[in-house]
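Read the structure below first, then the notes.
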Amino acid sequence: MTNDLRVKSSEFIDETVRISFKFNRKTYYGFKGDTLGSALLANNVHLVGRSFKYHRPRGIMTAGSEEPNAIVQISNGTDRTEPNVRATEVEIYEGLEASSQNCWPSVDFDIGGINNAISAFLPAGFYYKTFMWPASFWEKYEYFIRHSAGLGKSPTEKDPDVYDHRYVHCDVLVVGAGISGILAAKNAAKNNLKTLLVDEKNELGGSTIYQNREFNKIENQSSSDWLKKEIQELRNIENLEIKTRTSIAAFHGYNYLLARENLTDHLEKKDKQGKIRQRLLKIRAKKVILATGALERPLIFNNNDRPGIMLSSAVKKYADFYGVVSGKKNIFFTNNDSAYESAFCLHNKGIKVEAIIDIRESSNSKIVKAVEEAGIKIYWSSTIVDTTGYKRLNSVSVMKLSNDGLSVTGNKMNISCDCLGVAGGWTPAVHLFTQSGGKLTFDENNKVFLPDKYPSEQLSVGSCNGDFEIKEILKNLSTNLKDFLKIDKTDFENINVESEEETSKRNIWLLPSDKPIGKTKPFVDYQNDATAKDIKLALREGFRSIEHVKRYTTTGMGTDQGKLGNMHALGIIADTAGVKMGELGTTTFRPPYTPLTFGTIVGRNVGEYFDVFRRTPMNDCHINHKAEFENVGQWKRPWYYPINGETMHQAVQRESIAARESAGILDASTLGKIDIQGSDASEFLNRVYTNAWSKLGIGKCRYGLMLNEDGMVYDDGVTTRLGGNHYLMTTTTGGAANVLGKLEDYLQTEWPELDVYLTSVTDHYATASICGPNSKKILNKIIPDLDLSEENFPHMSFKEAQIGNIKCRIMRISFTGEHSYEINVQANYGKALWEKCMEAGKEFNITPYGTETMHLLRAEKGFIIVGQDTDGTMTPIDLQMDWVVSKKKYDFIGKRSLYRSDTMKEDRKQLVGLVTDDPNIVLEEGSQIVSELNQSPVNMLGHVTSSYYSPNLKKSIALAVVRGGKNMMGKKLFIPMENKTINVTITNSVFFDEENKRLNA
Amino acid sequence: MFIINCPYCGERDHQEFKAGGEAHIERPKQPTELSDDEWAEYLFMRKNIKGVQFERWNHAHGCRKWFNMVRDTSNDQIILTYKMGEKPPAQ
Ligand SMILES: [Zn+2]
């Protein structure tokens, strides 16, 4: 490959390893060490994407994570594709495929480019203004917006990669491995502090490592040579861990940071296999040192966004680090000395620099003198008023600035060029500092926001703290480090450093043009196409808060979060509104600093590990019975047991009939179980349940209803008195943990005087519930010596017994209305218990039934399910369950609220039964109930909470909550559905065996 | 992202804890004696201060104990934790 855009080989690029990659389906070559950005530039590809709104051609602007334009879609094969990746960060590898985003049909010919021509009609707030009216057109607008906008494509296949999470604890975390970070980490670790140093790049050394700056010397060597030796020494320091390709995504309070470590993104496909792709580090650091550096600012002038217009520092980095020339005819445009470093660097490599345009009047720096002596033309007090070149810059127009900097004077001069390096000064990267809660202060002299008040044990050092020259950096670093780390000395406090201080400064946030602002396009946010004109319009329309201006103009809302242009946006607002920047404040920098993949956030918690699930000890039996499962909380419960290809409806009808006609069996192990002991246990239950407990005999069971303090039903279940001071409470499956938490709360905080101890025993027992007219016979076969007579073992009582050698607790309680027994054994005997019941019940055709049949059977009896028939707004009175609310008890949780004027209203929603006039129509749960059909607006009386076809009654039944329903027995109401109206009648909510004869059958 | 000093266990990650609202609101001993307004005051009204606030926390995935915390809600700094039943420090 002959390539005249490669300059003398760089030590960071391995030219012996040639790598092929594809960009927009075309094959290119680069070298090991290249980023996609540097490799494209080396191939003279500047046009890499289209802007979001106007679809203007855009090129590579930076050499780092702040890149707003070169946002690409990365894919290799069909299974891996990732949108919104910055080409300037992607290390190329063999087989890499990348493509431009936000352009259709291609980056060279883009239909959306028409937006650029009609941009006068796309001002700030365009989306808000245009697409609001008429409202009925929204669907059409949405189609248009989604088709023409959209950054990148999300993958459609399952992510084939593995991601990981790791907790990290350290004494000192150093973020950023530039010269400041390296010296900080080295000195921390050498003082016996466990130190972690992270950097987003794959090389240590930051910008110092590749720059040969003429007038920067440390110990009489170039600063880069000196730093290389320091880095060599790092390798041998104990206590120091270094992670490269690792970027901090978030800095939360209490020095908790999240970092993404990239492990395989730079490898070719075959080397990625079987490896963890990215790892999320969850870091707790005692102290944090931020050495995140500074980002170069662009300048805001007319048409400042063409491909070929780059940051001056990026032009320099591509030349110094990657050995790539960004253009053959270079111009620099600057307000400070750093562009002269870039110009001089190109000049020394034999690359032509046409001119430097400087808005300042003069500068006496040595580097400026050196550039002048090299014969490069400098235009002082001048500005660029326009640029030309659609897909690549080809010229700039220059004019003299007026003294006040608000206008231009004199003749316009055109200079042809293919690359413009822009240097607008430096913005300290304070993003992480502010994320952690740090407050900034504005430095008027340098026009930068700097860390002011630290919210935790942290320190900002180097250029992110406003120190830009190496002498100043090292001096302040040493002083601050000693204080922060409480160490006596640093190993660099006495070294000899030479650097130059910049004296001449001039800052103009928005540079004037010879055209009126309305006819210019000075871009502030490149990715979102927000111009200075848009910001001024927003201010004219009355927006004042920065947060509002930001959202209205979309400045800083892209994937780059406005890293380049935010300061200019603030400056323009301040200038236009006539306020000081320090008073204006900044917008909030939110995590993540750079985008994170979902895979990294989720880590290993995918597929079956997404959420924990719980299985009962009888799970194998259910699988053998071909059960379909449903999720109840975290439990996997049998839903129904289809045989011979039955539908759910068929299976449930069969199970329901079997349970009423002979025998059914249910796995009830998931019900919450709380063991309650202590001399005040009875008193405790009196306070937490609505009914009275003191007189419950030992060996007896009672149903209890638990309210919140607001009087609304919270949970229910049967509690058994096992002994004088010993109860076993059951709760709903889903409510178990919350009930225990609530009871503990009252016990510890309101009633610490009570002698009561609570223990969760949900997982300790397995429970089989057998019900139906033959349940007694089955239990008798299992435990022949247990007296099952009504006298010895009546309904709502409890017995301890043994099945062989296995102890069991048996409660004669019923949720189906049938004669039934709940048999509890130690959990590890659960499967044996189930098999025993099935064996004993075989002659009675014992039928396992799932949650669906359980729900149907209880609905036939009108028993509520908390959470299905209640929704946190139902009192026991609303549920017509007054019978379970003690009138005599002085107090219980929620009692007082039952007497609030609101809870006593007659027209509250109340639980009633509902039958359809046509017994074959089964209502949809959630259906709305009305009394009038032709009313507007419709007066909705309530809704259906439970609905089934009852095979035992041979008709459809439902439970519903209806406003004032208690006094509406027999009333005809309507349920309007999409295509029909269903006629219903309010009834009693107990549909089956109203006299409870079957309990004792 | 707090590190919380449980008065029984010591410093632990915030993920082990559950917040329980404003502290030092005692459940009335004789609720039936209260007017609707007085009961509503206890039941619903909370200060929700921007600044130093007294809160209840539960070491839910630890010792399960409830305790009190003094926290500045404006910057999430935890000033103090102390056991249930202990007197709140003077403001
Ligand atoms: Zn604890």
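Numbered from 1 within each chain, the chains take letters A, B, ... in sequence-line order. Keep in mind that this is a model prediction, so the values were computed, not measured.
- The neighbour count for Glu906(A) CD, taken as heavy atoms of other residues, nucleotides or ligands under 6.0 Å away, does not exceed 12.
- Of the two parts of Asp745(A), the backbone and the side chain both hold a non-hydrogen atom closer than 4.5 Å to a non-hydrogen atom of chain B.
- Contact annotation: the side chain of Phe67(B) never approaches that of Gln748(A) to less than 4.5 Å [non-hydrogen atoms, C-beta and beyond].
- If you measure heavy-atom distances from Ser897(A) to chain B, the contacts under 4.5 Å come from both the backbone and the side chain.
- For Leu43(B) against Asp710(A), the heavy-atom pair with the smallest separation is CD2-CA, 3.9 Å.
- Proximity to chain B (any heavy atom under 4.5 Å) is restricted, for Tyr746(A), to the side chain, taken from C-beta onward.
- Within the 4.5 angstrom heavy-atom criterion, only backbone atoms of Phe892(A) (N, CA, C, O) approach chain B.
- Only the side chain of Asp891(A) comes within less than 4.5 Å of a heavy atom in chain B; its backbone stays farther off.
- The candidate from Lys65(B), Arg64(B), Gln77(B), His14(B) with the greatest count of non-hydrogen atom pairs under 4.5 Å with chain A is Arg64(B).
- Among Phe2(B), Phe44(B), Trp39(B), the residue making the largest number of heavy-atom pairs under 4.5 Å with chain A is Trp39(B).
- Between the OH atom in Tyr254(A) and the CG atom in Asp76(B) there is a gap of 6.5 Å [rounded to 0.5 Å].
- Interface residue Ile25(B): only backbone heavy atoms are found under 4.5 Å from chain A.
- Counting non-hydrogen atoms of neighbouring residues, nucleotides and ligands closer than 6.0 angstrom, the NZ atom of Lys18(B) reaches no more than 12 such neighbours.
- Under 4.0 Å is where a charged nitrogen must lie from a carboxylate oxygen, and between Asp36(B) and Arg896(A) at least one such pair does.
- Within a 6.0 Å sphere centred on CD of Glu86(B), other residues, nucleotides and ligands contribute more than 12 heavy atoms.
- Residues Arg27(B) and Thr749(A) have side chains not in contact (no heavy-atom distance under 4.5 Å, counting atoms from C-beta outward).
- For Arg56(B), the part sitting under 4.5 Å from any heavy atom of chain A is the side chain, from C-beta outward, and nothing else.
- The shortest distance between side-chain heavy atoms of Arg284(A) and Asp13(B) falls below 4.5 Å.
- Both the backbone and the side chain of Ile3(B) come within less than 4.5 Å of a heavy atom in chain A.
- More than 12 heavy atoms of other residues, nucleotides or ligands shown are found within 6.0 angstrom of OH on Tyr8(B).
- Here Glu709(A) is the residue among Arg900(A), Glu744(A), Glu709(A) with the most heavy-atom pairs under 4.5 Å with chain B.
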